[in-house]
Each structure stands twice: as C-alpha cells, then as structure tokens.
Novice: 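Got a structure for you, questions after.
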Amino acid sequence: MRLEKCWFCSSTVYPGHGIQFVRNDAKIFRFCRSKCHKNFKMKRNPRKVKWTKAYRRVHGKDMTQDSTFEFERKRNRPERYDRNLVESVLDAMPKIDKIRVEREKRHHMIRMKGKKLKVHKEDARELEQSIHMLPIPKVKVVEPLKIKVAVSQQQSEQNLAMEE
C-alpha cells in the first residue's frame with residue numbers, strides 16, 4: 001500500500017482517496033481533497049497559504065531540517081527483501097518516532113519562549129488602558145474578633161482578692 005503526499009498541502013493521500021490531476025506534459029499532481037485541488041486550479045502558491053505545510057516550514061513554524069525526516073522520504077528504487085533488515089527497521093520505527101516527537105517538542109518550546117512575557121505585557125497594557133471599565137470593589141470592613149475565654153473559679157477569686 002503506497003501512501004502518497006498531497007502536492008498542495010503535503011498531507012498523506014491514502015489509496016482510493018483524493019484527486020489525481022495529470023498535466024499535458026505527463027506530470028502527476030495528487031491532492032488529498034477538493035480544497036487543495038481548487039487552490040491549485042486558482043494558481044495559489046502553497047507557501048503563501050497559511051494552512052499548508054509549505055507555509056509553516058517557510059515561516060519557521062515547523063521543523064525543516066532533521067535527520068528523522070530522511071526515513072519518510074519517498075524512494076522509487078526497489079530494494080531486495082531481507083528479513084533481518086525488515087525486522088531491524090520495524091524495531092527502529094518506534095524509537096525514531098519517539099526521537100522526532102521529542103525534537104518537535106523542543107522546537108516548539110524554543111519558538112514559544114518569549115510568548116509568555118509578550119502576552120503578560122499586552123495584558124498589563126490592556127488593563128492599564130481600560131481600568132475604568134472594571135467595577136470598583138466594595139471595601140469590606142473587618143470587625144475584630146471577640147474571643148471568649150473560660151476562666152476557672154479559683155482565678156476569678158484571686159482576681160477579686162487582688163482588686164481589693
């Protein structure tokens with residue numbers, strides 16, 4: 001089962017899905033859905049359309065260069081079947097996927113590093129500009145607590161004796 005990539009948005013096109021367009025020069029374009037096909041017919045550039053992978057890569061939102069991407073690359077040269085090689089590849093696939101996920105998380109953390117400070121400054125500025133819109137809280141007067149203390153009979157007699 002061969003999984004193709006959409007020419008416009010770079011998502012996977014599963015067998016039996018999507019649209020295939022063959023140009024006069026025999027160049028084949030595969031699209032995952034009609035949205036991609038229509039954008040292609042309108043001659044839109046995938047690098048300028050915000051929801052495509054090409055846009056995300058060009059603008060630094062996704063990782064572009066990583067050694068784990070080499071495993072996803074399409075290879076047209078047939079390989080001779082080797083049971084040991086297939087077994088080692090199948091064992092390595094979860095490890096490679098785990099490495100790729102960790103690198104994507106790290107890339108995301110680096111991208112979002114300055115975001116919290118920026119959001120905090122924007123919120124403070126907005127609060128400062130529109131402080132008059134907030135309702136003024138009513139000040140609650142706190143009364144001192146009255147504590148009842150149990151005094152034994154002997155202590156009260158001693159206090160009376162001291163007062164006289």
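Because the structure is a prediction, the values reported are computed rather than measured.
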Novice: If you measure from NZ on K115 to NE2 on H108, what distance do you get to the nearest 0.5 Å?
Specialist: 10.0 Å
Novice: Has the side chain of D97 got a donor or acceptor atom that lies under 3.5 Å from a matching backbone atom of M93?
Specialist: no
Novice: Give, for atom NZ of K48 and atom NE2 of H59, the distance between the pair rounded to the nearest 0.5 Å.
Specialist: 9.5 Å
Novice: Is any side-chain heavy atom of R103 closer than 4.5 Å to one of H107?
Specialist: no
Novice: If Ile, Leu, Val, Met, Phe, Trp and Tyr residues are connected whenever their side-chain heavy atoms lie under 4.5 Å apart, and connections chain through other members, are W51 and F31 in the same group?
Specialist: yes
Novice: Please say yes or no: joined through hydrophobic side-chain contacts below 4.5 Å, possibly via intermediate residues, are V101 and I96 part of one cluster?
Specialist: no
Novice: Can you name the one residue among C9, S11, C36 that meets side-chain contact (heavy atoms from CB on, under 4.5 Å) with T52?
Specialist: C9
Novice: If you measure from the Lys or Arg side-chain nitrogens to the Asp or Glu carboxylate oxygens, is any gap between D25 and K27 under 4.0 Å?
Specialist: no
Novice: Hey, what do you get for CE (M112) to NZ (K118), rounding to the nearest 0.5 Å?
Specialist: 10.0 Å
Novice: Tell me whether the rings of F29 and F40 are parallel (<30°), tilted (30 to 60°) or perpendicular (>60°).
Specialist: tilted
Novice: Treating S130 as the side-chain partner and M133 as the backbone partner, does any N or O pair qualify as donor plus acceptor under 3.5 Å?
Specialist: no
Novice: Search all heavy atoms of Q20 against all heavy atoms of R30 and return the closest pair with its distance.
Specialist: OE1-NE, 3.7 Å
Novice: Please determine whether residues W7 and V49 belong to a single hydrophobic cluster, defined as Ile, Leu, Val, Met, Phe, Trp and Tyr linked transitively by side-chain heavy-atom distances below 4.5 Å.
Specialist: yes
Novice: Using side-chain heavy atoms (C-beta onward) and a distance below 4.5 Å, is R47 in contact with Y55?
Specialist: no
Novice: If I compare all heavy atoms of T12 with all of C32, which pair ends up nearest, and what's the gap?
Specialist: O-CB, 4.4 Å
